[in-house]
Participant: 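Take a look at this one; I'll ask things after.
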Amino acid sequence: MQNREFFGLLGLLVYFISLALSIVIVAPKNASKLFNLKHFLPLLFLSLVALYVLPLSFFNYSFSTPSGIISDHFYSFAGYIPLALVLCSMFNLVFSFSYRKLVFRKVYVEQSSESKEFSKFEVFFIYILFSISIWLLYQLSKEIGGLPGLILSGYQVTELFINKGHYTVGFEWIVTLSLLLWGNALTTQRRKKIIPTMLLLLTVAASFAIMGRRGALVILIGSSVYLFHQLYKPIKTYKILAIGILGFYLLTLIGFLRGDSYENFSSLVDKMQIKKGSLDNDNSVSFFYTITTGNFAVPFETFPQVIKSLGNEYNPGFGVYSLRPVTSIIPSALWLERPLPLANWYMKTFYGTTPLNEGRQFFLLSAPFMDFGPSGIVIIGIIFAFFWRSILKIGTENKKDILAITFIAIIIASSLNIVSSDLAGWMIAFSKGYAFPIILIYSFKKINQLSLKYH
């Protein structure tokens, strides 16, 4: 017991030292430049990695009984958490040093002093895609009364996704298209365009809140705030912090209240009030459960588990595990023996068969370790430095482009998903989901520019 306590504390100490050094490496010398994209991106990323690493590590040091959604098998792999912390420390330093040293060639791009709003064709195309997204969701929900029935399904909406997963991209496309309209409205600086688009955002946000889709809400709200900051009026630091605290409170509240389906909107209000009343009277409920025994404590579990199981449950993949998500592009009907996604493979391997083929969110370092061991941590650290530097390059060279700014906003708001997923899996899901409308509009825009150039 004493050895475990010692190594648990040592692992945490090493991790905090690496985090402090990493922050020093990428932080600006002048605090006023803290929200400059060059410094903000790596600092946000390091902070979010820590947000997923530390809860389970502190839980391990506390010797508590597994609770919340922490695995009942926790103590079977807990002894490997200190080693996982050392490897995470190595990742922090490799990433921050590589990000600091990696410099892309600057490309001069002539831009006007003001952002240019979308053309009528681009706005029309956005509305066409929006209509297609609504149609996809209608196909998903027509057996339960259409879109109102879909919204009133609450968190049980996930049960509709079985064998209909191809329709669910409509949720993500609607988020992106709403944000593009929001960015365009902000660019005009005219309230008569801003207010209706704000009402659209609030309607979409309210629908996601009823359905308990907190991930989509984070992306919608986070991106809309970033777009406001970039395209309309800079938001002061204390206001950003206040928005973050309020957002955490509301998302946690949604987590407590979600779960029911509703007959109509009046019953929705009644059930919400009843649940809120029981929460207020329950002293055992903590609003910090997500960062103690909830969502932020779960993905990191996969890392010490795969460290422990190397050579037993699996052998080094030399890239196979990191690239496995690519196989999801091929329909299962054409490849009957298609490998399971890593999240589902993990559950099948370590927990046996689970209902509805459930998966476990896969921590960003787990797959690289499965492929190359400790060397994989160095490789993925360099890859992420390149990734965020590429995002920085897009941002600095396209400061007045609504498509580019919206693209960056959604990626920044998706950072939680990046940390709690394998990189290739996230990139594929992101490309066919949130990024697809932007890629499509950008492609049509370039094709139109080329046709005008040669005619």
Side-chain angles (χ1 to χ4, degrees), residues 19 22 26 37-56 87-88 91-92 94-96 98-99 102 172 175-176 179 213-223 225-226 244 247 251 290-291 295-303 321-326 328 341-343 346 359-371 376-377 379-395 406-436 438-439:
L19 184 60
S22 299
V26 299
L37 199 61
K38 177 181 177 181
H39 305 291
F40 177 71
L41 289 177
L43 289 172
L44 175 68
F45 180 62
L46 288 167
S47 300
L48 293 181
V49 171
L51 184 61
Y52 277 98
V53 168
L54 293 175
L56 201 67
L87 293 174
C88 288
F91 170 79
N92 285 345
V94 170
F95 164 75
S96 55
S98 301
Y99 181 90
L102 185 62
E172 296 164 353
V175 169
T176 299
L179 290 168
R213 297 184 66 81
R214 292 187 297 178
L217 271 175
V218 169
I219 293 173
L220 181 69
I221 296 172
S223 299
V225 170
Y226 183 85
L251 290 170
T290 55
I291 53 177
N295 301 63
F296 292 113
V298 172
F300 184 63
E301 164 200 314
T302 63
F303 195 29
Y321 296 111
S322 294
L323 297 178
R324 178 181 284 196
V326 178
S328 65
L342 286 173
Y346 179 86
R360 203 73 151 169
Q361 284 181 298
F362 223 66
F363 186 61
L364 81 168
L365 302 186
S366 300
F369 182 87
M370 291 172 68
D371 280 322
I377 308 304
I379 294 170
I380 198 66
I382 296 171
I383 288 174
F384 267 109
F386 183 87
F387 173 82
W388 288 115
R389 271 287 179 176
S390 300
I391 300 304
L392 175 63
K393 181 178 172 67
I394 294 172
T406 304
F407 180 73
I408 290 172
I410 296 174
I411 287 181
I412 293 174
S414 300
S415 296
L416 288 172
N417 293 334
I418 294 173
V419 176
S420 62
S421 306
D422 55 287
L423 182 59
W426 174 83
M427 292 181 72
I428 291 171
F430 182 77
S431 297
K432 68 181 183 181
Y434 294 109
F436 183 77
I438 294 176
I439 294 170

Participant: In this structure, is the centre-to-centre distance between the rings of Phe300 and Tyr52 below 6.0 Å?
Facilitator: no
Participant: For Ile383, give me all partners under side chain to side chain contact (heavy atoms under 4.5 Å, CB included), at least two apart in sequence or on another chain.
Facilitator: Ile379, Ile380, Leu423
Participant: Which residues pass the side chain to side chain contact (heavy atoms under 4.5 Å, CB included) test with Ala429, not counting sequence neighbours?
Facilitator: none
Participant: Restricting to ring-ring contact (aromatic ring centres under 6.0 Å, His included), what partner residues turn up for Tyr226, sequence neighbours left out?
Facilitator: none
Participant: For residues Ile377 and Leu87, report the shortest heavy-atom separation together with the two atoms involved.
Facilitator: CG2-O, 3.4 Å
Participant: Any side-chain hydrogen bond (donor to acceptor under 3.5 Å, both in side chains) involving residues 416-425? Give me the pairs, sequence neighbours left out, ordered by first then second residue.
Facilitator: Gln361-Ser420
Participant: If we ignore hydrogens and angles and just use 3.5 Å, is the side chain of Ser415 paired with the main-chain N or O of Phe45 as donor and acceptor?
Facilitator: no
Participant: Closest heavy-atom contact between Leu44 and Ile412?
Facilitator: CD2-CG2, 3.6 Å
Participant: What class does the angle between the rings of Phe387 and Phe384 fall in, given that below 30° is parallel, 30 to 60° is tilted and above 60° is perpendicular?
Facilitator: perpendicular
Participant: So how far is it from Leu220 CG to Arg213 CZ, rounded to the nearest 0.5 Å?
Facilitator: 12.0 Å
Participant: Are Tyr434 and Leu179 close enough that some pair of their side-chain heavy atoms sits under 4.5 Å apart?
Facilitator: no
Participant: The criterion is ring-ring contact (aromatic ring centres under 6.0 Å, His included); which residues satisfy it with Tyr321, sequence neighbours excluded?
Facilitator: Tyr314
Participant: Who are the side chain to side chain contact (heavy atoms under 4.5 Å, CB included) partners of Val26, not counting sequence neighbours?
Facilitator: Pro42, Leu43, Leu46, Ser96, Tyr99
Participant: So do the side chains of Ser98 and Leu102 get within less than 4.5 Å of each other, counting heavy atoms only?
Facilitator: no
